[in-house]
Structures are given as C-alpha cells and as structure tokens.
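Working notes, structure below.
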Protein chains: 2
Amino acid sequence: MAVTLADVARAADVSTSTVSRAMTQPERVDEQTRTRILAEVRRLGYRPNRAARSLITGRTGYLGVIVPDLTNPFFPELVAGIQGRAHERSLTTLLADTRDDPDAERDLLTTLAPQVDGLVLCGSRLPDADLVAAADPVPAADLVPAADLVPAADLVPAPDLGAVAAGRVPLVVVNRTVPGVPSVAVDNAGGAARAIEHLRSLGHTRIAYVGPAEGYSHRQRLTGAQEAAVTLGVQLIEVEGASSTFDGGQRAADGVLFGGVSAVLAYNDAMAIGLMHRLHGYGVRIPEDLSIVGFDDIAIAQMAYPPLTTVRFPRQEAGQQAVDQLLRNAEGATLGTELVVRRSTALYRPEEGSR
Amino acid sequence: MAVTLADVARAADVSTSTVSRAMTQPERVDEQTRTRILAEVRRLGYRPNRAARSLITGRTGYLGVIVPDLTNPFFPELVAGIQGRAHERSLTTLLADTRDDPDAERDLLTTLAPQVDGLVLCGSRLPDADLVAAADPVPAADLVPAADLVPAADLVPAPDLGAVAAGRVPLVVVNRTVPGVPSVAVDNAGGAARAIEHLRSLGHTRIAYVGPAEGYSHRQRLTGAQEAAVTLGVQLIEVEGASSTFDGGQRAADGVLFGGVSAVLAYNDAMAIGLMHRLHGYGVRIPEDLSIVGFDDIAIAQMAYPPLTTVRFPRQEAGQQAVDQLLRNAEGATLGTELVVRRSTALYRPEEGSR
DNA sequence: TTGAAAGCGCTAACAG
DNA sequence: CTGTTAGCGCTTTCAA
C-alpha cells in the first residue's frame, strides 16, 4: 500500500494531526517539529491521498475544462493556457470534449460539476439559462498562497475556489458573455474592424464577409466589420458558408465570386483556407486577383499557401485569464486582438473599385 | 449540501447498504426494492460522491492521458479516441501535456499515477527504464459490464483496471515498444514502404527521405523506406531536417534540392508541408517538378496546396486500442497504416531516372 | 504547540 | 435479500 499520514506520524513520532498541519498550515507547527516531519515525508515518499482529503475538505483539486472539439486547432492552445496556469495553482485539469453536441455538453456540465472546484467552458453551445443555472452565484474566498515550503505540487492543497451550492460550481465562460456569469471576453468586433480597415487601406472598396449561419463570435465579428465598412465607405457583401470549417469555406467560393468583390474577410482561418483552396481550383490567383483575410491565427494560417493574413485571437492569454478569474485574481477585462499581415492580401492598389 | 446515500436510503426506507448495492450490484437486490430505490435516486438527483467511493474501493474512475504537446495536431485525434472509449467505460479522462519536456513527463507520471486507475502514454520521451518502473507488472481483473440499468455514467462504478502496487499503475504506451509494458503498435515501417512503392510505381528511382535527427517512429519509418528501396532498386537519400516540424521541413529544402531527387518521403506531414512551402518559394513546382509524400494524415494534409499525399496513421483507432488494452479487452495487435493519394505526387512518368 | 476524537460518504464483510 | 458494523485516509474541532 501507499504511505499514509499515520506512517509519517509514526516515523516522526508525532500525531497524525500534527503531520496534517505541517503539510497544510506550516505556520501552526513548531519549526523543529515541522522540519523533522517534512524530512520523513520526503524520506518515505509520502503523497496525500486526494480522495480522503476531498472527502473532508469538499474540494477536489481538479479544474474542469469543456471544449466542443479538441481536434479543432483553435482549442488546444486555449487549453494549453488554462492547463499551464492551473498547474501553477496546484490544480489538475480535467478535460472533456463535447463533440459539438449540446446535449453531451449539458451532460458533462452536470457530471463534471461535482468532481471539480471550478469549470472553464470554451465555445459553449448552451443557452444562457443553462449556464446561469450551473454557475455558482456565490463565489468568494481567497487564493491560497503558493506554499514554497513543500516541493511537490500534490502536497499543497488546492486553492479554495469558493463555496459551492448543490449542483453549482464556480464557472467561467470563454469568448462569450452571459449575464451573471464570469467570462473572458475577446475583442472580436475590433479585430474584424481592423481587418476591414487594412483591406480598405490597400484599396479595396467592395469586400465580402464569409461566415457561418450563426454563432456568438460570428455575430460579433460581422457587426465589427459592418460598422467599419459604414465608417470607411466600403460595401460589405455577406456570404454564408454553412459551417465555420474548411468545408464551409470551400462552399462559399461561388458566392464570393458572384459577389464581384476584390477582397474577403472570413469568419475564421479554416473557412479562409477552404475558400482559398477552392478558388485555386477555379484559377483565381491569391492575392493578385483576390485578397483574403482570416481570423484566429491558428497554426495552419502561416503554413497555408500563400500564408494567410489574419487577426490573432489571444488563445493562450484567454486560457490564463479564465483561470485567473476563477481564482479571483483578475477582473474581466476584454482581451485585444491583433492583425497579422501575411501574403494573402495584395499590395496597395489605387482605387480600382469593385470589379 | 449534495444529496447523499443516506438521504436516498431514508426516502426509500431501506439501509444505505441496500442503496449502495442497488447502484453497484443491481442483481443482488430485489427487483421491487431496486426500482423503488432508483426512483428515489432519480427524484432526488443523487450522485455518488467519487471521493468517498475512491477512498474505500481504491479506484478513482479516472484514466490519465499524457501527451507531449496538445497543440501538435497529431495528438488531439488520438486523445479523442481515448476519451471516447474511456467514456463508454465510465472512466473520466485526465489529460496532461508535458510541453515536450521529459522532466515534466516524469513528474506527471508520478503525480498522476496515484490519482488514476490507468495511464496512457502518448509519444513518451522517457527511457524504457522509467516506463518499466512506473508500469504495474501485475495487471489483472475483469471488465465490469456496462450496466444498462443505471442511466448516468457517473452512477456506474469505474471498471477495475487491476491491482496496483505502490507507485505503480496499469500503463499502456502508444506507438512505441517497451519490453514488459503493454503497447499499441502501429505499422510505421509498412507505411513508409508503401509510400516508396507508390513513388517507384510513378517512375521515381531516386528519392529523398526527410526526417528528424532521432525518434522512435522516425527510425521505424526510415528502416521501412530503406528496405523497400533496396527491394525495388530505388536510391534513397537521407536528408536531416533537425526537428519534425514545419520549420524542420523548411530547413531541409536545400538538402533535398542538392540531393537531385525527383521525389521525397517526409517523416511526417508537418515536415512535408514545411518543405513544400520553402520549395514554392524557390519556384519548384509540386508535383510537376517534385513529388512529395507525407506521413500521418493530419487534417492539414488535405488543406495544403496542393493537397498532400500521405500515409494515414490510425490515431483514433490507436486511442481506442489503448483503452481496450488497459481494460484487457484486446490483445496488442499492430495497427495498419494506409496510403492516401492526393495531388502532391505526379502522374506516372516513365523511367526518367534521377535528374 | 500538540494530541485525542470525531466524522466526511461510501463500500464491504458478516450476520440474520 | 437486507441491515449492522467497521473503517478507507484525511482534516478539524476541542482540550490539554
């Protein structure tokens, strides 16, 4: 069997309570005693039993993360940000994938909630009401300071993410706003606006926005693009591509050509690349004949041919923010986006107007 | 507080043991009693407390998964396979990312081991000895049958993955062979051989293999390519690209051109695409001037321009196999690979020999 | 500053 | 088939 508190207590010739205190509240134990205990802990290779600890503290040390589809390259980087920060805070991440199924998401939400101290929801497909119902409305509590005295992460108790009402859990949603639920917001509208401005600067005055039929960030990006278009005197043509994927982008190609535009802003990089792909097949040269801008800056963007100009979505930072918010370490500021110019947009062409 | 076993027992007017049995060993409870109990379970929304259950059974219901880098598109699909199967088996997956750091991997191995019932190691960077030391050498136990009687996954206890000696855990490694440790093998050599055969069929007789400096599957793929080359009378030129990434592939471009070959087999798709990218820049036309074959068939392969011919690595299946093996549901067969022909290889050209 | 005792929620003998 | 009893390993009063 594994080494238990009792084993350490026996070896250090103290009671189990003292060992327990030495681990979790070092300042409440005489320094000499503590040193002796920690020496034994190390010698015996003692690791606290999480289950036993949870049973009594009510905390698990786990942070749940729910994503719609891990194979969508947008999410792994977000997860990396979450995982990194969680690890720093002695939390172990529990990752679940809903396969884009809202029912599965609802299921996971209720399954995971009791097993974790906090939950990060990425790209949730659930209606606001479900999220509000799941979120703990009474978050509180301080962050437990990183205990430098004890080496292994597991020896440190997990930070207190707040009291949890039955079936509810501290929750944070990423890239979405739900009244009453903490969230990490990202400036989608601003990013889209900057993309339109960029295209306008290059001389484009008739631009297509290729997006999916619906979706939270789609609406934000579209709105941002529309407002910029109005301000700059650009004609914005909406083209719908069914799904926000490579495939969806491919299917939008005909609509784009029909629209008679000289440039395109796509809802995301996947659509942009699908579009480029199909247009290649049509003999359209990019960026000579048509400029394309994507959104997100997933890894593929720079590997595309030609490399894709895009708006960087700060995924890693968003993940970190999410954890910080759960730990009440950060206010819910809006993260900025940034235009990354690559070769999929043409050089400056003086007012040629629409074609 | 949450609903406990005692609450259900009180409501159904039975003892807690009976409720416990109704959940975990339905056949040992009178059908009427059981029905009544399950009705109360549902009515009250009872969910077993995992920590309490773990404490006594010694099982956690968690399956650990360790990957080197989740942002590498190779892994998410593998994880999806694992997660899917694990979920079917009432196991919750605990995913950890080592960031390609062997020390972090060793750390995670020891941190995770006591919290999980089994561990899947993907693309491990650790020496055999570490893996053997961590693996439980005395695996056993039957699979708990999927209990159809109880709806929610969490109500079913996790399957027994075998007795665990101190600090050891049932372990399976994916795409690697370690003596004494269960593993999921994939036919890397065969895939590489088939790629060479394909290129030979198209008329290529001088072919480059572009790989990283080292690595388990690299060696297997290289060996497979070499053997096929000898058999078919093909000259195989090895070109080293430093790392097995897009970048590594780019850096190998000069070497490939210098080698005077008419075709290339890359260690993986990322390198293949990096190589294509750089060659595009050099004005080399693909596949007219040079045919390229990748390996793995990550999603980007078909989005590349031109779409990349590649060898499909059955990631999803490998993930499922891994879980099946942990559950002693499957023998360690070798999974096959498969050539996927796309436009990055040229049409048949009669023996033009090397250039 | 330390120890004794209680108990978190559950399962597993063991009787009945 | 069901209830009683004990205790998993830990933290936390409460006293000393």
Side-chain angles (χ1 to χ4, degrees), chain A residues 1-37 41 44-61 114-115 144 147 150 154-158 160 163-164 166, chain B residues 1-37 41 44-61 114-115 144 147 150 154-158 160 163-164 166:
Chain A
M1 275 310 291
V3 182
T4 73
L5 255 196
D7 296 329
V8 178
R10 206 170 307 119
D13 198 34
V14 290
S15 72
T16 58
S17 345
T18 306
V19 179
S20 172
R21 270 185 298 249
M23 313 251 47
T24 59
Q25 316 169 57
E27 72 285 358
R28 299 247 279 253
V29 174
D30 180 79
E31 192 180 322
Q32 298 217 352
T33 321
R34 189 178 60 214
T35 313
R36 184 157 39 97
I37 292 173
V41 163
L44 297 173
Y46 167 70
R47 324 223 70 191
N49 178 319
R50 280 204 181 219
R53 191 178 255 181
S54 294
L55 193 53
I56 189 158
T57 60
R59 273 174 287 132
T60 61
Q115 326 180 21
V144 169
V150 221
D154 215 33
L155 298 182
V156 182
D160 192 342
V164 180
Chain B
M1 273 311 291
V3 182
T4 72
L5 208 49
D7 297 327
V8 179
R10 206 171 305 120
D13 198 34
V14 289
S15 73
T16 58
S17 346
T18 305
V19 178
S20 172
R21 271 185 297 249
M23 312 250 49
T24 58
Q25 318 168 61
E27 71 286 357
R28 301 249 277 254
V29 174
D30 179 80
E31 192 180 322
Q32 299 216 351
T33 322
R34 190 178 57 213
T35 313
R36 184 158 39 98
I37 292 174
V41 163
L44 298 173
Y46 168 70
R47 324 224 69 192
N49 179 318
R50 281 204 181 218
R53 194 178 252 181
S54 294
L55 193 52
I56 190 156
T57 61
R59 273 174 287 132
T60 61
Q115 327 180 20
V144 170
V150 220
D154 214 32
L155 299 183
V156 181
D160 192 342
V164 179

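Note that the coordinates shown come from a computational prediction; the quantities given were computed from them, not determined experimentally. Labels below follow one simple rule: chain letters A, B, ... track the order of the sequence lines, proteins then strands, and each chain is numbered from 1. Side chains are part of it too, since the values below use all heavy atoms of this structure and drop only hydrogens, waters and symmetry mates.
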Is any side-chain N or O of B:R50 under 3.5 Å from a base N or O of C:dG9, one able to act as donor and the other as acceptor?
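Absent.
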Please state how far atom [atom1] in [X] lies from atom [atom2] in [N], giving the value in whole angstrom units.
| X | N | atom1 | atom2 | answer |
| --- | --- | --- | --- | --- |
| A:N49 | D:dC8 | CG | C1' | 8 Å |
| A:E27 | C:dT1 | CD | C1' | 12 Å |
| A:R28 | D:dT12 | CZ | C1' | 10 Å |
| A:R21 | D:dT11 | CZ | P | 11 Å |
| A:I56 | D:dC10 | CD1 | C1' | 6 Å |
| B:R53 | C:dA12 | CZ | P | 9 Å |
| B:E31 | D:dT2 | CD | C1' | 17 Å |
| A:L5 | D:dT12 | CG | C1' | 13 Å |

Given [options], which nucleotide is nearest the side-chain atoms of [X]?
| X | options | answer |
| --- | --- | --- |
| B:Q25 | C:dA12, D:dG7, D:dG3 | C:dA12 |
| B:T57 | C:dC14, D:dC10, C:dT11 | C:dT11 |
| B:S17 | C:dC8, C:dA12, D:dC1 | C:dA12 |
| A:T18 | C:dT2, C:dC10, D:dT2 | C:dT2 |

Any chance you could measure A:R21, atom CZ, to A:D30, atom CG, to the nearest 0.5 Å?
12.0 Å
CZ of B:R10 to CG of B:L5, rounded to nearest 0.5 Å, is 10.5 Å
Indicate yes or no for a side-chain donor-acceptor contact from B:S20 to the backbone of B:T16 under 3.5 Å, with no hydrogens or angles considered.
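No; judged by distance alone, with no hydrogens or angles, the pair does not exist.
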Is the backbone of A:A12 close enough, under 3.5 Å, to the side chain of A:R36 for a donor and an acceptor to pair up by distance?
yes
Within the structure, does a side-chain N or O atom of B:S15 lie under 4.0 Å from either OP1 or OP2 of D:dT2?
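Looking at the OP1 and OP2 atoms of D:dT2, neither is under 4.0 Å from any side-chain N or O of B:S15.
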Checking B:V19 against B:V14 for the side chain to side chain contact (heavy atoms under 4.5 Å, CB included) test, could you report, in this order, the C-alpha distance in whole Å, the side-chain angles of both residues, the deciding distance, and whether it holds?
CA-CA 7 Å; B:V19 178; B:V14 289; 3.7 Å; yes
DNA chain C: A:T33 or A:T16, which has the more 5' nearest nucleotide?
A:T33
